[in-house]
Novice: 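Just passing along the structure, written as structure tokens.
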Amino acid sequence: MTSAELAAIAAQSPVWAFEEARKLVERVKRTGQAQVLFETGYGPSGLPHIGTFGEVARTTMVRHAFETLTEGRIKTRLLAFSDDMDGLRKVPDNVPNQEMLTQHLGKPLTKVPDPFNKFESFAHHNNAMLRDFLDRFGFEYEFASSTDYYTSGRFDEALLHMLRNFDKVQAIMLPSLREERASTYSPFLPVHPKTGIVMQVPVEKIDADAGTIAWRDPDTGEAFETLVTGGHCKLQWKPDWAMRWYALDVDYEMAGKDLIDSVKLSGSIVRALGKNAPEGFNYELFLDEKGAKISKSRGNGLTIEEWLTYAAPETLALFMFQKPREAKRLHFDVIPRAVDEYLQFLAGYGKQDWKGRLGNPVWHIHAGKPPAPEVLHHGADAPAATVNFAMLLNLVAVANSEDPAVVWGFLRRYAPGVSQQTHPRLDALVRYAIAYFRDFVRPAKVYRLADDVERDVLARLDAAVAAMPADASAEDIQFEIYNVARPTPRYQDFKAKGATPERPGVSNDFFNMLYQVLLGENRGPRFGSFAALYGLAETRALIAKALSGELKSEHEAFLESRKKAA
RNA sequence: GAGCGCGUAGCUCAGCCGGUAGAGCAUCUGACUUUUAAUCAGAGGGUCCCGGGUUCGAAUCCCGGCGCGCUCACCA
């Protein structure tokens, strides 16, 4: 497959990333430009959330699609721009040192001390976290700080240009505002020379030649004349966006649907300044489990760390790739599904033709180079099988253990020869499954105490297990279990296959009792297999704890401690 | 008020540029040399929200409704 052939197929692809990229191809044809700049915006007024990540992930997918379409002939850059000169408007609920932050309301975020006491400022902290996440995913990007750009003078020319076009900007902005706001609105926000606060005040006079605005402190009445350049003024958000597009020649920037009106206004402004607005599209928002927009300051919805506790980064990328125009609820339930879909797409990739591959999410997630899937073989001639998350969750529950080695014991029983070394990503998957089990499955367990009949049969089961050799097979154990339960009238089943009046079968009720009392579940594994793998000594200990009531009380204590932690 | 999205099996959803409805879970039946569930096979179940239009043909495209949800109208 040559890059030209690939580009030809991509040119026909209905995948959204290619649709977006084709808009850029058209743009390049129109302008003849030799480079394309992608921008993603980030407001560091709170911890970076999953939507921020999603924007970078999706933009990167468009970027890669564009490079495929143009066979790498057009240089591309991705600028992750942090609007860190913005004034702190509200103290986020989910950070420490609330009182301290309150003292600095209104100051540029790069002048607000870091409530975590680790960085030069709150913005520096949040910027660092964002970069951390982006680096962890291996994104290629250039980080840009608004404060740096303003203070270094990189925006000066554009700022002066906007000052000269002050009336045009106002003509666009004012009709979008209510009367009382419109009467005081200014695109330029001077930084107060004494308090350092980003002021929202009416401009009394502009001097385009001197590059200054005149304004008045509303509290003291003191008059000031401030340069719009050099970081002495910040722009209001929409003009700021437009100015950035103008100054940097941004070609592509996507935004959430909450910003549709803003994109239009900023686009009008940049055109009034004499340049084209970037291409872009509006994605739907991420919602929390109640269907509300997730927000940095409220900290609702899933965080990136939370997702990464239970699943690999590429599964989150899959979530971002799929249906960007549809609202998606972001809560824990969607993780197992995302993981299994990812594994399925990965497993299918090798068998697809190139048209199929370009439509396969893993092609976009891994920039055209998805890794080979890790497969298991149940016997030498058996077809390759992939272990999915749902199955692993079952396994972990079956193992009744949060030790990866125990889970691997089950895996090796299925496919001898596999190990953490041969299947590192499967090992990671095992650990994710364990984390998910610990946090979501285990808390849902309900242990009950055994009644007298059950205590009797459990005691006899314990004795039977004690009498077995340590290396008893799963089948032997299973056989003994039947013999233990058979004399107990409650569990006798005369309708069972092979049952006779003298030798009844054992009903499912017996096994259900074991699961409820020993595992806190209504379902469970074949018990002989479980005991063989879990260990006979461990099984006896489990029975002892069930009989003493410890299982139940320990689980209740566990639930209680979770409640307190939350 | 404006914008965006959704409406397909009991539940959660796939159905990519139009070609006689699919998956997972759930339910039911059966297999697995004494009856489990890390397994397998099979079954049942849908006016694809409604009404028009385009077409030989529409879940899919267009128009109009209805219902649900979200977002923006202060700030970012």
Side-chain angles (χ1 to χ4, degrees), chain A residues 12-16 18-19 41-46 83 86-90 109 176-178 180-182 185 200 236-238 240-241 255-265 281-288 290-293 295-297 322-329 333-334 336-337 340-341 344 355-356 358-360 376 378 385 387-388 390-399 407 410-411 413-415 475 478-479 481-483 485-486 491 493-500 503-512 514-515 521-530 533:
Chain A
Q12 303 297 320
S13 176
V15 172
W16 68 268
F18 286 118
E19 278 174 1
Y42 169 58
S45 56
D83 190 14
D86 190 31
L88 177 67
R89 295 202 157 62
K90 214 177 82 189
L109 290 160
S176 76
L177 301 166
R178 287 190 193 185
E180 63 267 32
R181 180 75 186 99
Y185 184 86
Q200 282 201 36
Q236 270 279 7
W237 183 54
K238 285 163 212 160
D240 194 44
W241 211 5
K257 79 164 184 188
D258 52 334
L259 300 183
I260 289 174
D261 291 339
S262 306
V263 171
K264 284 185 189 155
L265 282 174
F281 93 132
N282 295 292
Y283 51 85
E284 264 282 357
L285 301 178
F286 296 105
L287 311 174
D288 67 10
K290 288 194 281 280
K293 165 179 157 177
S295 107
K296 288 192 285 283
S297 55
Q322 288 178 313
K323 304 203 173 196
R325 284 184 208 276
E326 284 181 29
K328 293 148 85 103
R329 291 188 184 216
D333 301 6
V334 307
R337 188 190 167 128
D340 284 348
E341 284 185 349
Q344 218 173 317
K355 183 171 177 248
L358 292 186
N360 188 325
L376 300 182
H378 186 48
V387 179
N388 65 28
M391 187 186 279
L392 274 180
L393 280 175
N394 273 334
L395 258 181
V396 173
V398 162
V407 180
F410 280 78
L411 289 173
R413 181 167 162 251
Y414 177 82
E475 283 312 305
Q478 185 77 5
F479 185 74
I481 291 171
Y482 286 123
N483 286 337
R486 210 181 309 277
Y491 302 125
D493 180 359
F494 295 98
K495 291 193 298 256
K497 195 158 66 177
T500 62
R503 194 167 181 282
V506 175
S507 75
N508 283 349
D509 292 346
F510 172 65
F511 293 97
N512 291 335
L514 289 180
Y515 303 136
E521 305 268 6
N522 284 316
R523 300 172 162 200
R526 189 178 169 88
F527 203 81
S529 311
F530 168 74
L533 280 151

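Convention: sequence-line order gives letters A, B, ...; per-chain numbering from 1. None of the values given here were measured: they were computed from a predicted structure.
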Novice: Considering only B:C17, B:C6, B:A76, which nucleotide approaches the side chain of A:Asp83 most closely?
Specialist: B:A76
Novice: Choosing from B:G5, B:A76, B:C13, which nucleotide comes nearest the side chain of A:Trp237?
Specialist: B:A76
Novice: For B:G15, take OP1 and OP2 only and decide whether either is under 4.0 Å from a side-chain N or O of A:Lys323.
Specialist: yes
Novice: Under a 3.5 Å limit for both distances, which nucleotide forms a Watson-Crick or G-U wobble pair with B:G69, could you say?
Specialist: B:C4
Novice: When the P atoms of B:A21 and B:C16 are compared, how many Å lie between them, rounded to an integer?
Specialist: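 Going atom to atom, P in each nucleotide, I get 14 Å.
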Novice: Could you tell me whether A:Lys264 contacts a base, only the sugar-phosphate backbone, or nothing, with contacts defined as non-hydrogen atoms closer than 4.0 Å?
Specialist: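 It contacts nothing in the nucleic acid.
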Novice: Which nucleotide in the set B:C74, B:C72, B:A76 lies at the smallest distance from any side-chain heavy atom of A:Asp261?
Specialist: B:C72
Novice: With rounding to whole Å, what would you report as the distance between B:G42 and B:C50 at their C1' atoms?
Specialist: 37 Å
Novice: Now, which nucleotide makes the Watson-Crick or G-U wobble pair with B:G44, with each of the two distances under 3.5 Å?
Specialist: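 The base-pairing partner of B:G44, which may sit in any strand shown, does not exist here.
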Novice: Can you tell me which nucleotide in B:A14, B:U34, B:C17 comes closest to the side chain of A:Lys355?
Specialist: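 The nucleotide sitting nearest to the side chain is B:C17.
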Novice: Can you tell me how far C1' in B:U55 sits from the matching atom in B:C49, rounded to whole Å?
Specialist: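 Each nucleotide's C1' atom is 23 Å from the other's.
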Novice: I'd like the P distance from B:G7 over to B:A59, given in whole Å.
Specialist: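 Looking at atom P only, B:A59 and B:G7 are 15 Å apart.
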Novice: Mark yes or no for a side-chain to base donor-acceptor pair under 3.5 Å between A:Lys257 and B:C70, with no hydrogen or angle criteria applied.
Specialist: yes
Novice: Which nucleotide, B:C17, B:C6, B:A76, lies nearest any side-chain atom of A:Gln236?
Specialist: B:A76
Novice: When you get a sec, tell me which of B:A76, B:G3, B:C74 is the closest nucleotide to the side chain of A:Ile260?
Specialist: B:G3
Novice: Applying a 3.5 Å limit to both distances, which nucleotide forms a Watson-Crick or G-U wobble pair with B:C25?
Specialist: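 B:G10 - that is the nucleotide pairing with B:C25, both distances being under 3.5 Å.
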Novice: Out of B:U71, B:A76, B:C16, which has the shortest distance to the side chain of A:Asp86?
Specialist: B:A76
Novice: Which part of the nucleic acid, if any, lies within contact of A:Glu284, taking any heavy atom under 4.0 Å across all strands shown: a base, the sugar-phosphate backbone alone, or nothing?
Specialist: base
Novice: Quick check for you: among B:U34, B:C4, B:C13, whose closest atom lies nearest to any side-chain atom of A:Arg486?
Specialist: B:U34
Novice: Describe the nucleic acid contact of A:Asn282 in one word from base, sugar-phosphate, nothing, applying a heavy-atom distance below 4.0 Å.
Specialist: nothing
